There are 2 protein chains.
Amino acid sequence: MTTQQIKYFLVLAGELHFWKASEKVYVSQSTLSRQIQSLEQEIGIKLFERDKRNVKLTDAGKFLQEKWTVAINELDHIQKQAKKIDQGTSGFISISYPGSIAFSYLPLFLNVINEDLPDLKLELTEPTDERHEKLLLNYETDIAFNRDVINNIHISSFKINTEPICLVTSEKHWLTEKTIINLKDLKDENFIIAGLHKTTYFSSLLRNLFLKNEFEPKTVIESDFGGMILNLVAQELGISILPYSYKFSNVPGVQFIELNEKIDLFINWRKTDPNKTTQKVIELAKTINSYKKYKSK
Amino acid sequence: MTTQQIKYFLVLAGELHFWKASEKVYVSQSTLSRQIQSLEQEIGIKLFERDKRNVKLTDAGKFLQEKWTVAINELDHIQKQAKKIDQGTSGFISISYPGSIAFSYLPLFLNVINEDLPDLKLELTEPTDERHEKLLLNYETDIAFNRDVINNIHISSFKINTEPICLVTSEKHWLTEKTIINLKDLKDENFIIAGLHKTTYFSSLLRNLFLKNEFEPKTVIESDFGGMILNLVAQELGISILPYSYKFSNVPGVQFIELNEKIDLFINWRKTDPNKTTQKVIELAKTINSYKKYKSK
DNA sequence: GTTTTTAATGCATAAAACGCATTAGTAATG
DNA sequence: CATTACTAATGCGTTTTATGCATTAAAAAC
């Protein structure tokens, strides 16, 4: 039995039409027919009920469709991981990160990696709706930077740094670090923030912040994208609340007012990941532990 | 990539000697050499460091040895399950059971299965040291009768029946149902029972029984095997405590005195088992719910 | 330096994969 | 009911791959 035959089976199971399925796997209809027959003979299990016009999965075929889909995906993951181990520091690893560090910690990190492991390629992903935990467990990323700790026995975490949460306004705004006394004073301000109904860590942090200060913001624009938010704030369409890191994006015309609230940055990885390159990258990441180093520039 | 190549790899990874490994997989040394080379080329990963005298796994090879071992076992399980589904009531299923029902519930059950599903083959196993839970999860059994409930979200349970725990003595013993007042009276008796340090359910039931009656038995023989125990009791080497079911083994010269304690019998199966034959067998098992029916014979 | 051991390779043969052309069976259509 | 359209299975020839015997070549053992 070959993995190719399993893949032929899975595509045919989806299409239930030999010619259409053969087109999808780039072989002739007769080749597909023979390969399916050969597979059925080898494993001694009838996979399809079929005649000249109808193709249906048998009960065993349905069972195998479900199980082999998972198994084949797992084999593919295993092979990709093995490839990374084989290629070592001349290969590549995947890293996901939150947008908030794109201008702060991340450039520092990438510089260090480029210096120490010049042949290593990085695949960077800024996930929008996938939780980092899921990305790690599904092998869609090897290292995940994120703002909240991941409680999962299969995932290891390390806190990289802590930074303040900031009120972000236009420079022309009446608010300054000196004038702000109570967040409640902002209840008439227009806010440009992440949707408070969202399940992301940052949304829940915002919810808690407003709850603690006993007011509900007047949200006029909802967005998750920090860069977009900064531009809108610069155009005086409203004010926002973002991590301090965004200050380094150097969008002109905005000011950052530190609030009495902090946010962490964690690096996470699969606990049992045997890839020495991933381990090396994590060790390097740990040496870059203060965003303030970049601030002094 | 074929499953056969993966199996060649796994055997070679174990042996680290081409000729020895080729003997184990029944091909020539040159065939094995070429198949490993072919696999390495197809997946683009170097599996072994080798020259004419040394064969060592690479880091990637070690990783794949671990992962592919699990994956291949999983594929084998999947295929066996699919075979069972394919064969339906003309195939076979595996059933494990505790020794105590070998003469009571089990013969009833087997009679019913034989009548309703005459073409179905059963593999019966009386596990000695494996927990039924593990046997189910590892696909080593499809249905597990046992005395304790299995708390596992992947396993479904159904209580078949409840029966008394009995004091088992020789017929010539001074004890009768009329003379027994308190188990403490038995503290000078010789006991032939399962080891109280064992982790089995029955051992812990015995421990609780003695604890409740505030005495420690004088154990002269330790055994898990009910049939052996009955014979020794008949020979007046001591007395024992066993489930009522053993009464039906018809060992002459022993009497069963019901105690004020009960024990259950459960049938367990994998919650997501799609095999209709297994489901049918479970439904049939549920219809046989009283050991007393057999008793009236 | 010689011998032994053993993974890799050359080569001939057998088996399997492949696709074109065609068959044969089943639904759709008139 | 006959004809047509559709499509999985099959015949057949070609190409590719697997296999094992014999041998080579390289590395340890002596």
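To find a chain, count down the sequence lines: A is the first, B the second, and so on, and within it residues start at 1. All values reported here derive from a predicted model rather than from experimental measurement.
Looking at B:R53, its side chain comes within 3.5 Å of the base of C:dT4 through a donor and an acceptor atom.
Geometric assessment of A:K56 against the ring of A:F48 yields a negative cation-pi assignment under the 6.0 Å and 45° thresholds.
Distance CD (A:E40) to C1' (D:dA8): 12 Å, rounded to an integer number of Å. When rounded to the nearest whole Å, the span between CD of B:Q41 and C1' of C:dA8 equals 14 Å. Look at CZ on A:R34: it is 8 Å from P on D:dT10, rounded to the nearest Å. With rounding to whole Å, B:Q5 atom CD is found 12 Å from D:dT17 atom P. One can place CD of B:Q37 at 13 Å from C1' of C:dG10, the figure rounded to the nearest angstrom. Taking atom OH of residue B:Y8 and atom C1' of nucleotide D:dT19, one finds them 9 Å apart after rounding to whole Å. Distance NZ (A:K20) to C1' (D:dC6): 11 Å, rounded to an integer number of Å. Look at NZ on B:K56: it is 12 Å from P on D:dA28, rounded to the nearest Å.
Along DNA chain D, the nucleotide nearest to B:S38 and the one nearest to B:Q29 differ in position, and the one closer to the 5' end is contacted by B:S38.
Taking the six-membered ring wherever Trp is involved, the centroid distance between the rings of A:F109 and A:F145 falls below 6.0 Å.
Within the structure, every side-chain polar atom (N or O) of A:T31 is placed at least 4.0 Å from both OP1 and OP2 of C:dA17. Applying the 4.0 Å criterion to OP1 and OP2 of D:dA9, one finds that A:R50 has a side-chain N or O inside that range. OP1 and OP2 of D:dA18 both lie 4.0 Å or more from every side-chain N or O belonging to B:Q4. Contact annotation: A:S28 does not reach the phosphate of C:dC18 (side-chain N/O to OP1 or OP2, under 4.0 Å). Contact between the side-chain N/O atoms of A:N54 and the OP1/OP2 oxygens of C:dT26 is not found at any separation under 4.0 Å. Between B:Q35 and D:dT17, a side-chain N or O to OP1/OP2 separation shorter than 4.0 Å is absent. The side chain of B:S30 places no N or O atom within less than 4.0 Å of a non-bridging phosphate oxygen (OP1 or OP2) of D:dG20.
Classification of B:E40 and B:R50 as a salt-bridged pair holds, one side-chain N sitting under 4.0 Å from a carboxylate O.
If you check the side chains of A:S30 and A:S33, you find no donor sitting under 3.5 Å from an acceptor.
Between the B:T3 side chain and the A:M1 main chain, a donor and an acceptor come within less than 3.5 Å of each other.
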